[in-house]
Amino acid sequence: MPELPEVETLCRQLNTLLPGQQILAIEILDPRLGTAAGLAGRTIEAVSRQGKYIKIGAGATTPGCKPGREKRRRTEAGGPLNLLLHLRMTGRLFWQRDEAPLPPYTRMIFSFSGGRLLLIDPRRFATFSPGTAEAAPAPLANPLEEFPARRLREIAGDRRLPVKAFLMDQRFIAGIGNIYACEILHKAGIDPRRPAGSLKLAEWRKVEKSAGVVLPRAVACRGTSISDWRDLFGMSGTNQDHLEVYGREGEPCSHCGAPIERMKMSGRGTWFCPSCQE
DNA sequence: TATAATGTTAGACT
DNA sequence: AAGTCTAACATTAT
């Protein structure tokens, strides 16, 4: 469900609520998510996004730790932690101000003094790992800020991997998923089956430019709500109004009028215009 | 009832 | 070696 724009939306919203708040309790309702030992009592510092991961920085457990001892504490149990959360396909975060009934599929509850944060996840693919680790770094770590054509060409090298699979490969580029890969390539006029290494610099520039429109607009729209995506406050995003190919098989291409086609590529639905994506 | 779903990974195969 | 495909994870919606 969530790709970069959806995760970015959640992080921005979490940052308006959580920093400075102490975790009063954590309840894990789905044992696949692991254990919450040693998390209660910590204070949230900042929330950030790494690709599709949400990183919640949680301070050391012991209040009143003397300044000179900070360095040691960092390496001890009880030192600062990153709570790394990945929502995978159907994970959602939902902020509840009061103790209203839990929505179906609630898998984890973080309680704060002003409300509680719920992880809702029907398919139970979401992962939660508190620790000192960071998400695996990618050469293009944040396409929202930095997505230059030259770097894309360098990283693509002479790979024969289809350009769509390349854009979605988290080892190269962090955050792009199926919807936005389809949309970026359509706007750039590039066939998703093209080997990544076959794109010329001018074509990578089109990809850069398209991503520069598609991704920030999706963030501004608070994501794409085609089925169940909702933001932290339960609101739908509006980016579905801007989709030009994803899920639009048979509808006319916004650019040339030819009917949009759907095919399967590396196991994923792939929508494109057979006439103007070359 | 069969299929597909906004993600990732492992393993088998080419 | 690099890329493709399938299955797996668990569940819902059409």
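In what follows, chains are A, B, ... by sequence order, proteins preceding strands, each numbered from 1. Since the structure is predicted, the reported quantities are computational estimates derived from the model, not experimental observations.
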For the pair made of [atom1] in [X] and [atom2] in [N], what is the distance, rounded to whole Å?
X: A:Leu84; N: B:dG7; atom1: CG; atom2: C1'; result: 16 Å
X: A:Asp121; N: C:dC9; atom1: CG; atom2: P; result: 16 Å
X: A:Ile176; N: B:dT8; atom1: CD1; atom2: C1'; result: 16 Å
X: A:Ile179; N: B:dG7; atom1: CD1; atom2: P; result: 7 Å
X: A:Met265; N: B:dA5; atom1: CE; atom2: C1'; result: 18 Å
X: A:Arg268; N: B:dT8; atom1: CZ; atom2: P; result: 8 Å
X: A:Arg88; N: C:dT12; atom1: CZ; atom2: P; result: 20 Å
X: A:Phe128; N: B:dG7; atom1: CZ; atom2: P; result: 22 Å

Base, sugar-phosphate, or nothing for [X], non-hydrogen atoms under 4.0 angstrom?
X: A:Leu161; result: sugar-phosphate
X: A:Pro122; result: sugar-phosphate
X: A:Ile226; result: base
X: A:Arg124; result: sugar-phosphate
X: A:Arg92; result: nothing
X: A:Tyr180; result: nothing
X: A:Arg159; result: sugar-phosphate

For this session: Give me the one residue out of A:Glu278, A:Glu244, A:Glu261, A:His186 that meets side-chain contact (heavy atoms from CB on, under 4.5 Å) with A:Cys273.
Result: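 Among A:Glu278, A:Glu244, A:Glu261, A:His186, the one that satisfies the side-chain contact (heavy atoms from CB on, under 4.5 Å) with A:Cys273 is A:His186.
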Would you indicate, yes or no, if [N] has its OP1 or OP2 atom less than 4.0 angstrom from a side-chain nitrogen or oxygen of [X]?
X: A:Gln170; N: B:dG7; value: no
X: A:Lys52; N: B:dT8; value: yes
X: A:His86; N: B:dT8; value: yes
X: A:Tyr105; N: C:dA10; value: no

Exercise. Expressed in whole Å, how much space separates the C1' atoms belonging to C:dC9 and B:dT1?
Worked result: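 To the nearest whole Å, 22 Å.
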For this session: Considering only atom P, compute the distance from C:dA10 to B:dA10 and round it to an integer number of Å.
Result: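 Approximately 16 Å lies between the P atom of C:dA10 and that of B:dA10.
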Exercise. Going by 5.5 Å between centroids and 30° between planes, is there a stack of A:Phe125 over C:dA10?
Worked result: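 One would not call A:Phe125 stacked on the C:dA10 base.
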Problem set entry | Polar side-chain contact A:Arg123-B:dA5 base: donor and acceptor under 3.5 Å |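 Check passes, donor-acceptor contact within cut-off.
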Exercise. Given that both distances must come in under 3.5 Å, which nucleotide forms a Watson-Crick or G-U wobble pair with C:dC9?
Worked result: B:dG7
Problem set entry | pair A:Lys209-A:Lys206: side-chain heavy atoms closer than 4.5 Å | no
Exercise. Is it true that a side-chain atom of A:Glu6 and a backbone atom of A:Glu3 form a donor plus acceptor pair closer than 3.5 Å?
Worked result: yes
Exercise. Does the pair A:Arg205/A:Glu208 count as a salt bridge with the N-to-O cut at 4.0 Å?
Worked result: no
For this session: Before accepting this row, confirm whether a basic side-chain N of the pair A:Glu8/A:Arg12 lies closer than 4.0 Å to the acidic partner's carboxylate O.
Result: yes
Exercise. Within 45° of the axis and under 6.0 Å from the centre of the six-membered ring of A:Trp271, does NZ or CZ of A:Arg262 qualify?
Worked result: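 Relative to the ring axis of A:Trp271, which defines the angle, A:Arg262 lies inside both limits.
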